[in-house]
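Have a look at the structure below before the remarks.
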Amino acid sequence: NSFVTRTNTCGELRSAHVGQKVTLYGWVQYQRQGLFLVLRDFQGLTQIIIPQDEAHSHVKELLSNAPVESVVRVTGIVSPRPLGQENPKMPTGDIEVKAETAEILNSCKKLPFEIKDFIKKSEAIRMQYRYLDLRSFQLQSNLRLRSRMVMRMREYLCNLHGFVDIETPTLFKRTPGGAKEFLVPSREAGKFYSLPQSPQQFKQLLMVGGLDRYFQVARCYRDEGSRPDRQPEFTQIDIEMSFVDQAGIQRLIEGLLQHSWPDERALIMTPFPSMTYEEALAEYGTDKPDTRFGMKIMDISDVLRGSDIHFVQNALSYPHGSIRAICIPQGVRYLTNKDLESLKESAKSQFNQEIMEIIRRPDGSLKSLLTKFLDEKEQSELIQALNMQEDDVVLLAAGEHKQVCSALGSLRLLSASLLEAAGLALRDPTAFHFLWVVDFPLFLPKAENPTELESAHHPFTAPHPSDASLLYSDPTKVRSQHYDLVLNGNEVGGGSIRIHSAEQQRFVLEEVLKEDSEVLSHLIEALEFGAPPHGGIALGLDRLISLIVDAPSIRDVIAFPKSFRGRDLMGNAPDYVTPEELEPYHIQVSWPLEEKEAKKN
């Protein structure tokens, strides 16, 4: 209560305050029949008793007629609630304040929606009236937890480990590869700034400059549209260190998260487990596995290798062919035929992958199109290999290794959601399973042209020391020093040890990625002036916080987020500007024909 005119907040009064005269400020949460109202501020609720005697008639009239969400000041005496009227659900439930004086500081007009967490509101109206949505308990709680975590992160990095908090420019130039960047026009004809998708180049240049340890709560921008876990502008905890290896970065981040972890959440244990990219793909079908539950992908190629099943033999004849499956526990009991058909249709439409189901009946026998091709011994081996119990359902896929694993990985997550919807507890929402995924490939074939390569992480990532020579002979086989941090099946951080040799960086850009290295000439030249070995990582703050508070979207942990389409519905941005405003930037808008006609009309 320092620096303000209130004596207490609405969430702090207790029995110990009985008899004290207090002044409270807040919003009218609720008012009942002119007898009492509930006053709310950022810290909680207090019940205010409206006086009924003639001497305080003006106070009664004022408080009885104050619209919900009006801002009021109340002065009164803290009193114990009458016996039997205590409210154990409220921290202030043992007391009430008997109002003596009151003032309406600002009356509230009719609200577009009720400010209660249990009231369903459309996403659009929440975005349009974000300042009202921010009054909800859940958003207040989310933003305050976020603030506390960031403060502890600063303390850990700066005070305990000697990092330097440095702001880097927001206006820069286009970076080759990676996500699309927002362009900002300049007054020089034809020249544009770019908003950086991360401070990647600057933090490397800070290492060349000898700063040794850098961090920043960095604003980043990507022109990719919006998804539940993406925003066009977002925040990351950006970190870079000199003279460090992968293990050093990992231990730093584990310590950072332990130090900043909210007291009210389940403890996290370190060190975090680690698995390679190939292991993650083979067992979970994704590079960001949710390890809170089993249902791992199993390789049953050897079990079926001797069978006469045509599609099995066809799949195994390919260089990277395999037969794999997942076992859905109690699938017969919890999944309908419609559910199973939807799973198979999903694999077909998304991955062009056929799926065959196998069911183990209560009598122990198998129900499947496969059984007529398998003798009793082969069926028994299959049951044993998959560890099938009664009423389990197995989904089997055959084909190219990566496609099969990706399809089954997707079905594993869809199956888990279906099981949970049917009442089977599978993924503990209060558990936090962190995982390091390492040894990613350095390069991947481009989706639009598989004969060309692109960086799996970014073009500044160093090759794995064991594979350095392959960079010049067979770059497709090179592993990288890139590491991702995964939490409950979501990527919450990614980083790498960087290339600190100008010659190697130029080779990667020009010979492997076929990019114009001139765009990065400033960085390459900097590497020629005694650049130290260095590496770093960035944690996605929005996504991390949303997982900690179990929010359905990162929009629920950002004060003023953009809508699903990347628009600010409250301020109506982006918006049109006049031709006169564009003139200094040498820009003219080329309107689509239908918009030209609309403007005429």
Side-chain angles (χ1 to χ4, degrees), residues 150 153-154 157-158 162-224 230-242 455 457-461 493-496 498-500 502 505 509 515-532 534-542 558-562 566 568 573-574 577 581-582 584-587:
V150 170
M153 287 178 174
R154 289 185 187 278
L157 292 168
C158 292
F163 279 77
V164 187
D165 184 354
I166 301 175
E167 300 90 0
T168 53
T170 299
L171 295 174
F172 193 43
K173 63 186 291 187
R174 190 185 70 82
T175 304
K180 288 184 180 177
E181 295 171 333
F182 286 100
L183 296 178
V184 179
S186 76
R187 290 174 183 266
E188 293 185 59
K191 291 189 176 182
F192 292 79
Y193 296 105
S194 275
L195 300 183
Q197 50 188 293
S198 83
Q200 182 60 46
Q201 293 180 54
F202 290 112
K203 63 181 182 177
Q204 289 192 241
L205 292 167
L206 287 169
M207 296 306 101
V208 178
L211 268 295
D212 193 68
R213 295 183 170 202
Y214 143 94
F215 105 97
Q216 179 184 186
V217 181
R219 299 293 286 162
C220 305
Y221 308 88
R222 286 180 185 164
D223 188 10
E224 290 185 317
R230 288 276 176 94
Q231 283 274 293
E233 50 182 329
F234 56 97
T235 306
Q236 61 188 35
I237 303 296
D238 203 49
I239 291 170
E240 198 79 5
M241 298 171 73
S242 295
S455 297
H457 187 217
H458 57 52
F460 315 116
T461 300
S496 65
R498 323 299 186 190
I499 295 171
H500 65 278
Q505 185 65 79
L509 288 166
E515 295 275 5
D516 180 7
S517 65
E518 190 59 34
V519 180
L520 293 166
S521 59
H522 56 282
L523 178 64
I524 294 172
E525 185 179 22
L527 297 180
E528 294 175 327
F529 286 104
H534 58 282
I537 193 168
L539 298 179
L541 183 64
D542 308 309
I558 301 171
F560 296 100
K562 299 293 185 287
D568 179 344
V577 296
E581 289 172 297
L582 288 176
Y585 303 106
H586 314 282
I587 291 175

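Hydrogens, waters and symmetry mates play no part in the numbers below; they use all other heavy atoms, side chains included.
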- Task: Could you grab the distance from atom CG of L527 to atom CD1 of I499, nearest 0.5 Å is fine?
- Result: 8.5 Å
- Taking all non-hydrogen atoms of both residues into account, name the closest pair between I537 and G494 and its distance. CG1-O, 3.4 Å
- Message: What verdict does the side-chain contact (heavy atoms from CB on, under 4.5 Å) test give for S198 and K203, after you've listed the backbone C-alpha separation in whole Å, the side-chain angles of each residue and the deciding distance to 0.1 Å?
- Response: CA-CA 9 Å; S198 83; K203 63 181 182 177; 5.8 Å; no
- Message: Nearest 0.5 angstrom please: L539 CG to M153 CE, how far?
- Response: 6.0 Å
- Message: What I'd like to find out is whether the side chain of H500 reaches to under 4.5 Å of the side chain of M207, using heavy atoms alone.
- Response: no
- Residues two or more places apart in sequence or in another chain: which of them pass side-chain contact (heavy atoms from CB on, under 4.5 Å) with E167? Q216
- Query: Can you check side-chain contact (heavy atoms from CB on, under 4.5 Å) on E240 and R498, steps first, answer last?
  - Reply: CA-CA 10 Å; E240 198 79 5; R498 323 299 186 190; 2.8 Å; yes
- Query: Does V519 have any side-chain contact (heavy atoms from CB on, under 4.5 Å) partners at least two apart in sequence or in another chain, and if so, which?
  - Reply: K173, R174, P176, D516
- Task: Name all residues meeting the side chain to side chain donor-acceptor pair (under 3.5 Å) criterion together with Q204; count only those two or more places apart in sequence or in a different chain, and write none if there are none.
- Result: Q200, H534
- Message: Between Q197 (side chain only) and E181 (backbone N and O only), is there a donor and an acceptor less than 3.5 Å apart?
- Response: no
- Message: The test is side-chain contact (heavy atoms from CB on, under 4.5 Å); show your working for I558 and Q231 and say whether it passes.
- Response: CA-CA 10 Å; I558 301 171; Q231 283 274 293; 3.9 Å; yes
- Note on the structure: To the nearest 0.5 Å, atom CG of L523 lies from atom CZ of F460 at 5.5 Å
- Query: What's the verdict on side-chain contact (heavy atoms from CB on, under 4.5 Å) for D568 and F560, showing C-alpha distance, side-chain angles and the deciding distance?
  - Reply: CA-CA 8 Å; D568 179 344; F560 296 100; 6.0 Å; no
- Note on the structure: Applied to residues 520-529, the salt bridge (Lys or Arg N to Asp or Glu O under 4.0 Å) test, sequence neighbours excluded, yields R506-E528
- Taking every heavy atom of P232 against every heavy atom of K562, the minimum-distance pair comes out as CG-CG, 3.7 Å
- Measure across G162 and R213 and return the closest heavy-atom pair with its distance rounded to 0.1 Å. O-CB, 3.9 Å
- Note on the structure: The reported gap from CG in D238 to CG in L541 (rounded to nearest 0.5 angstrom) is 12.0 Å
- Task: Would you mind reporting whether P169 and P199 have side-chain heavy atoms less than 4.5 Å apart?
- Result: no
- Query: What class does the angle between the rings of F202 and F172 fall in, given that below 30° is parallel, 30 to 60° is tilted and above 60° is perpendicular?
  - Reply: tilted
- Test item: F234 and C220 side chains (from C-beta on) under 4.5 Å apart, heavy atoms: yes
- Message: On a heavy-atom basis, which atom in Q236 and which in A538 lie closest, and how many Å separate them?
- Response: NE2-CB, 3.4 Å
- Message: Is it the case that atom OH in Y193 sees more than 12 heavy atoms from other parts of the structure closer than 6.0 Å?
- Response: no
- Item | Rounded distance (nearest 0.5 Å) linking atom OG1 of T168 with atom CG of L206 | 7.5 Å
- Message: Under a 3.5 Å distance rule, please check whether S517 uses its side chain to pair with a backbone N or O of L509 as donor and acceptor.
- Response: no
- Between CG on residue D212 and CZ on residue F163, distance to nearest 0.5 Å: 8.5 Å
- Task: Taking side-chain contact (heavy atoms from CB on, under 4.5 Å) as the test, write out the residues that go with R219, two or more places apart.
- Result: Y221, E233, T235
- Message: So, using side-chain contact (heavy atoms from CB on, under 4.5 Å) as the criterion, who are the partners of I587 when residues are at least two apart?
- Response: P185, F192, L582, Y585
